Amino acid sequence: MSTPAAAFESQVAEARAYLLRFARLQLRNDAWAEDCVSETILAALARPQAFGNRSQLRTWLVGILKHKVQDALRARAREVVRGDGDGDDGDDGDGGEELDRLAFQPDGHFVHAPADWGNPEESLGSAQFLRVLEACVEKLPPAMGRVFLMREWLELSTDEIRNEIGITATNLFVLLHRARLRLRECLELNWLGRH
Amino acid sequence: MRLRRTCKEAAALIVAREDRALSLADRAALRLHFLACKTCPVFARQMESMRAAFARWRAAPPDVPGGGPDAR
């Protein structure tokens, strides 16, 4: 018979890969992600407690992980928004490049009308759709992906993101704008293409 | 105040409002545009679907191959 403490330890250890998936997605750096997950596991082991099931334990661990990840982003602020190779200086201002990829006619109309994605409650809530969504996030360039997930995974306000990583409002809105348009395009290609 | 917007301008506002509050003028212009345009409301629903999907993903991320027992 294993003791409750040993059972807790092995449950936490089992969650490592799960935690690493989110840490990597958010941080886009394996070393930073490994560090955050290790710190999360150590913090969790210092506060042993009982959970009814695996998903409750995972939710608790992800809560700890989010704090560790936020600390890492703050500590690496300068690197966080560097390195996508385009738009680092926010020189073209308004995400116009991605809007052009959407293809508008000279009079400002859509060339290809966006598709009706159907009932979000049904198809878009499926695990399959969420896997496509996650894969599309993974394909964003690093700085864009980090900033986007600070919004959608860490659930920070744009003011909080600016405080955390010292990015200008213009650059932040450009990155978020581009990220949303790229995700839309990726979802339209990879989800709707096969329905 | 200019109320008429092209689809390209409307699309930019539809994306922007996910992250910042639009001005009163922009909100009015967008509402007006939606009355006349069949395409932009579809685009707007896509943005809403994405927002809802991220809420679901946060609450209950799907199991993925490689998200289970350590796949490295």
Side-chain angles (χ1 to χ4, degrees), chain A residues 14 16-18 20-22 30 55 58-59 62 94-96 98-100 102 104-105 107-110 113-121 123-135 137 148-149 151-153 155 157-158 161 169 172-173 176-181 183-184 187-188, chain B residues 2-23 25-72:
Chain A
E14 260 172 39
R16 186 179 178 88
Y18 180 80
L20 205 47
R21 165 177 154 212
F22 295 100
D30 283 355
S55 107
R58 282 181 168 187
T59 301
V62 166
D94 59 356
E98 258 78 12
L99 275 179
D100 286 338
L102 253 179
F104 289 91
Q105 296 166 10
D107 64 0
H109 282 91
F110 285 93
D116 186 345
W117 286 359
N119 185 345
E121 292 302 321
S123 62
L124 302 188
S126 72
Q128 197 191 3
F129 178 77
L130 295 180
R131 279 193 286 271
V132 173
L133 184 75
E134 200 172 309
V137 171
F148 182 76
L149 284 185
R151 208 63 191 109
E152 294 290 353
W153 186 60
E155 296 181 84
S157 71
T158 52
I161 296 173
L172 175 59
F173 286 121
L176 291 173
H177 195 108
R178 289 180 177 173
R180 292 189 189 284
L181 287 170
L183 287 172
R184 193 210 71 87
L187 289 172
E188 188 137 301
Chain B
R2 191 176 60 92
L3 279 176
R4 274 188 68 87
R5 302 293 163 93
T6 65
C7 288
K8 185 172 180 173
E9 290 166 333
L13 293 176
I14 290 164
V15 178
R17 72 180 177 179
E18 295 295 316
D19 298 300
R20 65 176 173 87
L22 299 184
S23 69
D26 283 340
R27 290 207 303 276
L30 204 51
R31 208 159 31 218
L32 207 66
H33 185 90
F34 283 166
L35 291 175
C37 177
K38 284 188 165 53
T39 313
C40 285
V42 176
F43 182 77
R45 277 200 297 281
Q46 291 184 336
M47 285 294 136
E48 282 160 26
S49 295
M50 281 170 52
R51 193 189 319 141
F54 274 105
R56 279 200 193 81
W57 175 73
R58 278 194 301 273
D63 277 322
V64 293
D70 204 343
R72 297 187 70 205

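Values in this document were obtained by computation on a predicted structure and should not be read as measured data.
Of the atoms belonging to A:Q105, not a single heavy atom falls under 4.5 Å from chain B. For A:V137, the part sitting under 4.5 Å from any heavy atom of chain B is the side chain, from C-beta outward, and nothing else. Only the side chain of A:L149 comes within contact range of chain B, with heavy atoms under 4.5 Å apart. When heavy atoms are compared at a cutoff of 4.5 Å, A:L130 approaches chain B by way of both its backbone and its side chain. Neither the backbone nor the side chain of B:A55 comes within less than 4.5 Å of any heavy atom of chain A.
The pair B:R4-A:D107 fails the salt-bridge criterion, with no side-chain N (NZ, NE, NH1 or NH2) lying under 4.0 Å from an Asp/Glu carboxylate O.
Residue pairs meeting the salt bridge (charged side-chain N to carboxylate O under 4.0 Å, His left out) criterion with at least one member in residues 25-38 of chain B, sequence neighbours excluded, are B:R5-B:D26.
Between atom CD of residue B:Q46 and atom CG of residue A:L183 there is a gap of 12.0 Å, rounded to the nearest 0.5 Å. Rounded to the nearest 0.5 Å, atoms CZ (B:R56) and OG (B:S49) are 9.0 Å apart.
The aromatic rings of B:W57 and A:F22 lie tilted to each other, with the angle between the two planes from 30° to 60°.
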